[in-house]
Amino acid sequence: MTLTVRQFACLFDNYGFVIRDEASGLTACIDTPDADAVLAELAAAGWGLDFIFNTHWHPDHAGGNAKVKAATGASIVGPAEVTKIAPLDRRVAGGDIVDLGETRFAVIDAGGHTLGHIAYYSAADHVAFVGDTLFALGCGRLFEGTPAQMWASLQRLAALPDDTRVYCAHEYTAANARFALSVDDDPTLKARAEDIFAARRRGEATVPTSIGVEKATNPFLRAPRLAGKPGAPDFEAFATLRAAKDGFKG
Ligand code: ZN
Ligand code: FE
């Protein structure tokens, strides 16, 4: 049970991922932010493509589906909402299992950024592909869902083992760090933010992150501690922080 992950930058600040189950040789890409970039990465790896796994319907995630499928014959798996912009071969939702050879992904309901957003988690490989739900030091904007829905989704991800590698779909980390520092003076966060700013000055990716690191430093996962009110539900603290981030000019 070995899963190889190749991560590549594309569009303005997206990350694409092509993955291979080494036992079977079966391959997949997580979303299709830029069809040409996905196809170039596959060519560089010398891989064909068996599946497209979509996380949500946004064009920088499913917009390349048609071109990638036409070029490779890949079968498209994703949440029903993707059919707003492209056909699916298989619809999945939270609780379903998606197998890639011997690699078994649990589909996790990650709604909030979009209503039907999902994440793909392999317990054996300690990896989660979370799309635009959880970012390094951040989380996705609430374009469609409610704060309560997004908070529940983030809690499902936070419940994964600490050593789970988290592959998020954008390099938003430096901007997220500036907001995090504006609401939290935790020393662990400060040290991480310095590492992030230095990595970005060197042009290095800050993705993947891990569940353990995010639980310790991500302000949205720490919302009850940072913005909670006695007796109020935790998602209200989350909503307060999410609204502050939406208006943050850092
Ligand atoms: Zn999105
Ligand atoms: Fe996106």
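Start at 1 and go down the list; that is how both ligands and their atoms are numbered.
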Visitor: Would you mind naming the N, O or S atom of H58 nearest to the Zn ion (ligand 1)?
Guide: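 Within H58, restricted to N, O or S, the Zn ion (ligand 1) is closest to atom ND1.
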Visitor: Can you check the angle at the Zn ion (ligand 1) formed by NE2 of H56 and NE2 of H113? Round it to the nearest 10°.
Guide: 100°
Visitor: Any non-hydrogen side-chain atom of P147 less than 4.5 Å from a side-chain atom of L142?
Guide: yes
Visitor: Ring centroids only, cut at 6.0 angstrom: are H58 and H117 within range, meaning strictly under it?
Guide: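 For H58 and H117, the ring centres are not under 6.0 Å apart.
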Visitor: Relative to the Zn ion (ligand 1), which of the N, O or S atoms in D132 is the closest?
Guide: OD2
Visitor: Of the backbone and side-chain N, O or S atoms of H170, does one lie nearer to the Fe ion (ligand 2) than 2.8 Å?
Guide: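 For H170, the answer is yes, given that an N, O or S atom comes within less than 2.8 Å of the Fe ion (ligand 2).
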Visitor: What N, O or S atom of D132 is found closest to the Fe ion (ligand 2)?
Guide: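 The atom in question is OD2.
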Visitor: Do R200 and T173 come within less than 4.5 Å of each other through their side chains, counting heavy atoms only?
Guide: no
Visitor: Testing the 3.5 Å rule here: is there a donor-acceptor pair between the side chains of S24 and D21?
Guide: yes
Visitor: As a test of reading the structure, name the N/O/S atom of D60 that is nearest the Fe ion (ligand 2).
Guide: OD2
Visitor: Answer with yes or no whether the side chains of E214 and T209 bring together a donor and an acceptor at under 3.5 Å.
Guide: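 Yes, a side-chain donor-acceptor pair sits under 3.5 Å.
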Visitor: Has H61 got an N, O or S atom lying less than 2.8 Å from the Fe ion (ligand 2)?
Guide: yes
Visitor: Do R222 and L241 touch side chain to side chain, with heavy atoms closer than 4.5 Å?
Guide: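 Heavy-atom side-chain distance check fails, nothing below 4.5 Å.
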